[in-house]
Asker: 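Structure below; questions to follow.
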Amino acid sequence: MRFDKLPRSFYLRPTLAVARELLGKRLVRRYRNTRLIGIIVETEAYCAGDPASHSFRGQTLRNEVMFWKGGHLYVYFTYGMHFCANVVTGERGIGEAVLIRAVEPVTGIATMKKNRSARPRDPVSGNLTNGPAKFCQAFSIGRAQNGSDLLGDRIYLTEGDEITRSHILSSGRIGIRSGLDKQWRFYLDGNPFVSRGKAPAP
DNA sequence: TGGACGATCCCCT
DNA sequence: GGGGATCGTCCAT
């Protein structure tokens, strides 16, 4: 197989390294006898001691999965209507994760469009997965996927094409009110599937 | 038990 | 560029 599944050891490393190196990796979602695949093009890191992180005030029922061992999927519900998906990093009990903010659709685009077409406006491919909640909707990721093991067969990550380090940019994270000084958002320079979210001024 | 708010998105002006 | 949708979660009464 050309694109091998990422091993557990990939996730058990410093969160910022994982956030950067997730760029270019392929996310595979088995869904109704088909396969949805996207290349990760934008991530954000949420670390221990970080006031912007859900884990900052300790473990609760909601953020429990964030404290699991690296290589699990933490899915949360927000704004009364959206889901966002994170890759848990580090050892059990740490509480760190990487938010998947955008992917480039590769396989199963027709299904992604269908999943996104609950909205009246016809989604075009550039508007399918260029935001954390859009990606979850296109890939049909919701509450049932919270806690998924990324070393399983339903949702997992694989190697991708090599990404040149100089093609990776960083910025402040989007949509948060604290931790604005941290340049913990990573994305591929010039990739059209990166979200158009407004980054806080540096 | 209540209220404030959120790691967003979409539509309108 | 601004506001509304919409509800689970958490913390303060």
Side-chain angles (χ1 to χ4, degrees), chain A residues 11 15-16 18-20 22-23 27 38 40-68 70 72-90 94-105 112-148 150 169-188 192-202:
Chain A
Y11 305 101
T15 300
L16 291 176
V18 175
R20 187 186 300 269
L22 276 174
L23 296 176
L27 189 146
I40 299 175
V41 300
E42 180 180 353
T43 63
E44 282 180 0
Y46 288 87
C47 300
D50 168 13
S53 172
H54 288 176
S55 63
F56 184 62
R57 294 174 202 285
Q59 186 173 332
T60 67
L61 205 56
R62 178 204 200 194
N63 65 20
E64 177 192 344
V65 172
M66 216 176 154
F67 290 85
W68 289 8
H72 288 91
L73 196 69
Y74 166 49
V75 182
Y76 67 87
F77 182 70
T78 191
Y79 290 104
M81 59 182 83
H82 295 305
F83 291 99
C84 295
N86 302 251
V87 172
V88 177
T89 55
I94 304 293
E96 301 195 346
V98 176
L99 172 69
I100 299 176
R101 283 198 55 89
V103 308
E104 175 175 337
M112 296 181 202
K113 283 184 179 174
K114 198 173 170 188
N115 288 342
R116 289 269 296 133
S117 64
R119 293 285 175 187
R121 177 170 300 213
D122 275 346
V124 293
S125 67
N127 192 34
L128 284 177
T129 56
N130 58 337
K134 296 183 196 178
F135 153 68
C136 281
Q137 191 178 20
F139 276 66
S140 191
I141 293 173
R143 204 179 308 281
Q145 282 67 46
N146 187 33
S148 296
L150 295 175
L169 297 181
S170 65
S171 78
R173 292 168 292 179
I174 294 172
I176 56 173
R177 303 180 60 119
S178 52
L180 295 174
D181 54 319
K182 306 289 197 302
Q183 305 283 297
W184 286 353
R185 170 178 177 246
F186 303 97
Y187 58 100
L188 294 181
F193 298 94
V194 168
S195 78
R196 302 178 192 269
K198 243 181 161 177

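In what follows, chains carry the letters A, B, and so on, assigned in the order in which the sequence lines appear, proteins first and then strands, with residues in each chain numbered from 1. Because only heavy atoms are used, hydrogens play no part in the values below, and waters and symmetry mates are left out as well, while side chains stay in.
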Asker: Going from OH on A/Tyr46 to CG on A/Leu99, what distance comes out if it is rounded to the nearest 0.5 angstrom?
Answerer: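 Taking OH in A/Tyr46 and CG in A/Leu99, the distance rounds to 6.0 Å.
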
Asker: As a test of understanding, state which of A/Ile174, A/Asn130, A/Leu169 forms a side chain to side chain contact (heavy atoms under 4.5 Å, CB included) with A/Glu42.
Answerer: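 Answer to the side chain to side chain contact (heavy atoms under 4.5 Å, CB included) test with A/Glu42 among A/Ile174, A/Asn130, A/Leu169: A/Ile174.
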
Asker: Can you tell me how the ring of A/Phe139 sits relative to the ring of A/Phe135, calling it parallel under 30°, perpendicular over 60° and tilted otherwise?
Answerer: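 Answer is tilted, since the angle falls between 30° and 60°.
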
Asker: How many Å lie between NE2 on A/His82 and C1' on C/dG4, as a whole number?
Answerer: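 Rounding to the nearest Å, NE2 of A/His82 and C1' of C/dG4 are 11 Å apart.
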
Asker: Taking the P atom of each, how far is C/dG4 from B/dA4, in whole Å?
Answerer: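 Comparing P positions in C/dG4 and B/dA4 gives a spacing of 16 Å.
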
Asker: Between the protein and nucleotides 7-13 of chain C, which nitrogen or oxygen pairs are less than 3.5 angstrom apart?
Answerer:
| from | atom 1 | to | atom 2 | distance (Å) |
| --- | --- | --- | --- | --- |
| C/dC10 | OP1 | A/Thr60 | OG1 | 2.2 |

Asker: Name the pairing partner of B/dA7, where a pair is Watson-Crick or G-U wobble with both distances under 3.5 Å, or state none.
Answerer: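 Pairing partner: none.
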
Asker: Might you point out which heavy atoms bring A/Arg173 and A/Gly179 nearest each other, and give the distance in Å?
Answerer: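 That would be NH2-O, 3.3 Å.
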
Asker: Please state how far atom CZ in A/Arg185 lies from atom P in B/dT8, giving the value in whole angstrom units.
Answerer: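 Rounded to whole Å, this separation is 11 Å.
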
Asker: Out of curiosity, A/Thr129 OG1 to A/Asn115 CG, how far, rounded to the nearest 0.5 Å?
Answerer: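 Between A/Thr129 OG1 and A/Asn115 CG, I get 12.0 Å after rounding to 0.5 Å.
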
Asker: For A/Leu99, report the nucleic acid contact type (base, sugar-phosphate, nothing); a contact means any heavy atom under 4.0 Å.
Answerer: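 Base contact.
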
Asker: Rounded to whole angstroms, how far apart are CG on A/Asn86 and P on B/dG6?
Answerer: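 Answer to the nearest Å: 17 Å.
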
Asker: Report which part of the nucleic acid A/Ala133 touches: base, sugar-phosphate, or nothing (heavy-atom distance under 4.0 Å, all strands).
Answerer: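 Sugar-phosphate contact only.
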
Asker: Classify the angle between the aromatic ring planes of A/His54 and A/Tyr74 as parallel (below 30°), tilted (30 to 60°) or perpendicular (above 60°).
Answerer: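 Rings of A/His54 and A/Tyr74: perpendicular, over 60°.
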
Asker: Quick one: look up who C/dT6 pairs with, Watson-Crick or G-U, both distances under 3.5 Å, and put none if it's unpaired.
Answerer: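 The answer is none; no pair meets the criterion.
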
Asker: Which of the following nucleotides, B/dA7, B/dC10, B/dT8, is nearest to the side chain of A/Lys134?
Answerer: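 Selected nucleotide (nearest to the side chain): B/dC10.
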
Asker: Roughly how many Å is it from CZ in A/Arg196 to P in C/dG1, rounded to a whole number?
Answerer: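 So the two atoms are 16 Å apart, to the nearest Å.
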
Asker: Considering only side-chain heavy atoms of A/Arg177, which listed nucleotide, B/dG6, B/dT8, B/dA7, is closest?
Answerer: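 Given the options B/dG6, B/dT8, B/dA7, the side chain of A/Arg177 is closest to B/dG6.
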
Asker: Rounding to an integer number of angstrom, what distance separates B/dC5 and C/dG3 when you compare their P atoms?
Answerer: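 Result for the P pair: 16 Å, nearest Å.
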
Asker: Measure from CG on A/Asp50 to P on B/dA7 and round the result to the nearest Å.
Answerer: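 Taking atom P of B/dA7 as the reference, CG of A/Asp50 is at 11 Å.
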
Asker: On the nucleotide B/dT8, are OP1 or OP2 found under 4.0 Å from the side-chain N or O atoms that A/Arg101 carries?
Answerer: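 For B/dT8, OP1/OP2 do have a side-chain N/O of A/Arg101 under 4.0 Å.
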
Asker: With side chains defined as the heavy atoms from C-beta onward, is the minimum distance between A/Trp184 and A/Ile176 less than 4.5 Å?
Answerer: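 Result no, sub-4.5 Å side-chain heavy-atom pair not found.
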
Asker: Send over the distance from A/Asn127 CG to B/dC11 P, rounded to a whole Å.
Answerer: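 In whole Å, B/dC11 P lies 9 Å from A/Asn127 CG.
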
